[in-house]
There are 2 protein chains.
Amino acid sequence: MSLAETAGLLADRTRAAFCLALFDGRAWTAGELARHAGVSASTASEHLSRLVTGGLLVEERQGRHRYVRLSGPAAAQLIESLAAFTPDTATPAGLRESTRLGAEARARTCYDHLAGQLGVSVAAAALERGLVTEEAGLAVTEPGRRWFAELGIDLAALRKSGSRPLLRSCLDWTERRNHLAGAAGAALCSRALDRRWVERIGSGRALTVTAAGRVAFADLLGIDTAAT
Amino acid sequence: MSLAETAGLLADRTRAAFCLALFDGRAWTAGELARHAGVSASTASEHLSRLVTGGLLVEERQGRHRYVRLSGPAAAQLIESLAAFTPDTATPAGLRESTRLGAEARARTCYDHLAGQLGVSVAAAALERGLVTEEAGLAVTEPGRRWFAELGIDLAALRKSGSRPLLRSCLDWTERRNHLAGAAGAALCSRALDRRWVERIGSGRALTVTAAGRVAFADLLGIDTAAT
DNA sequence: GCAACACTTCGGCCTCCGCCGAACCGTGCC
DNA sequence: GGCACGGTTCGGCGGAGGCCGAAGTGTTGC
């Protein structure tokens, strides 16, 4: 692997479009990316293989889906300096620049789910308590299903309602670990907002954990949010 | 200019070799780079034009020579993240990683001339006092010639002796400003070492300004090196 | 079992681009 | 003026690679 080959990975309109899209930290399917970039499925497939082989992306197969996301902070850093150098590239709608600031690093929304220190703590606790499992992609366990039901979230209904995956992982740049996304992750986030466990700071993505939230997160997941 | 086009600038073996060579901060001629990368002069010429147009390099024409150097910190940053991502790329023999440390940031040698805060101070003072001029490339003025002569440096002899340019500028990454290189810059540096105005710290590139040096730099150029 | 679907592999087309040598231009030296 | 030399421009060659559609594989849902 030479420097020129690394640069070559990003020296194509379509592959660059993929990486810019993935810069949001979420995992995308091959089909979503193909549609996003306006190329055929076969073309997208070949591009993704190159990007994965080159180490820029990592993939996770789930049934007939191929999820890809940026491999980590080094990949994001590379794309960022490339975008920074390119004069009129719209700054990717990513998280990095904003999350360096303190409030958002502690707790924020990432699209419609929880992220930041709070987000990864929730994900880690859910894993540790066996509510979700990581074998063969992220999935909710039977105890997890009951846990969600106690919060008034009906996973069976969620699964039926949309084409969206129930649970997927989403790379958190500030923490360099995954947090919970997908329909279940979004439902959990909206429940936390409904019950005032977290509140938005101003109009941005930053969140603050309320007194009620501290009690709830400790009860439900054993998380200490005192420092959050 | 798109992100893919920017990446494309570096997605070629030869152009990557050019940029890695230029990462040392010096200005190279087109011919030097062609020989370094093992391509013909015509091929090198075309590559350099692309790199300059793309904003990665800047050029300065001096007589029949075309000097190029990295355009600035943003370009260096880009090449650095590319190299950082590429697993087995030998870290370019550049200045950046080492110069973040304090001692070398204050005063060091860059190849055979002075760099760091001391280097740019000398360059700035020489310009301000009219010893060198920047019009149409860096050149020594008549007062400058006498100034060098007082130090026992015969510029006419230097010019005759080698094919090396008398004076060229060299971008200083720590200071983001130019310092003096070329035969005259090297002569000045070796004189400073001879007269113990500066001394090497250990075996590296770092220098320390001696008490005699503080007096000399103040006398000769009006530079206050107390903090250096 | 069958159909729908997401993705992959393969073959072929076509464009792009890196390379060189030859001819040319300007500068510097005698 | 004449020559050497650094750099540039141009034409042509050959390989790399991006694209698609068609056919194939594995998964999910009925």
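Throughout, a chain's letter reflects where its sequence line sits, starting with A, and its residues are numbered from 1. A quick note: this is a predicted structure, and the numbers were derived from the prediction, not measured.
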d([atom1], [X]; [atom2], [N]) in whole Å:
X      : N       : atom1 : atom2 : value
E5(B)  : dG18(D) : CD    : C1'   : 16 Å
R13(B) : dC17(C) : CZ    : C1'   : 14 Å
E60(A) : dC7(C)  : CD    : P     : 14 Å
L33(B) : dC19(C) : CG    : P     : 14 Å
D12(A) : dT15(C) : CG    : P     : 17 Å
H47(A) : dT8(C)  : NE2   : P     : 13 Å
L51(B) : dG18(C) : CG    : P     : 10 Å

- Note on the structure: Each nucleotide of nucleotides 5-11 of chain D classed B (base within 4.0 Å of a protein heavy atom), S (only sugar-phosphate) or -, in 5' to 3' order, makes BSSBBB-
- Taking all heavy atoms of C189(B) and all of H113(B), pick out the closest pair and write down the distance.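 Heavy-atom minimum between the residues: CB-CA, 3.7 Å.
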- Using atom types as modelled and distance alone, determine if a side-chain donor or acceptor of T133(B) lies under 3.5 Å from a backbone N or O of T141(B).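 No, the answer is negative, given that no donor and acceptor are paired below the 3.5 Å cut-off.
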- Query: Do any N or O atoms from the side chain of R50(A) and from the backbone of L9(A) form a donor-acceptor pair under 3.5 angstrom?
  - Reply: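 No: the side chain of R50(A) does not pair with the backbone of L9(A).
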- Item | Any donor-acceptor N or O pair under 3.5 Å, side chains S40(A), T43(A) |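 Judged by distance alone, the side chains do pair up.
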- Salt bridge present between R69(A) and E60(A) (N-O < 4.0 angstrom):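 Yes, charged N to carboxylate O under 4.0 Å.
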- Would R146(B) and E142(B) pass as an ion pair if we require N to O under 4.0 Å?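 E142(B) and R146(B): salt-bridged.
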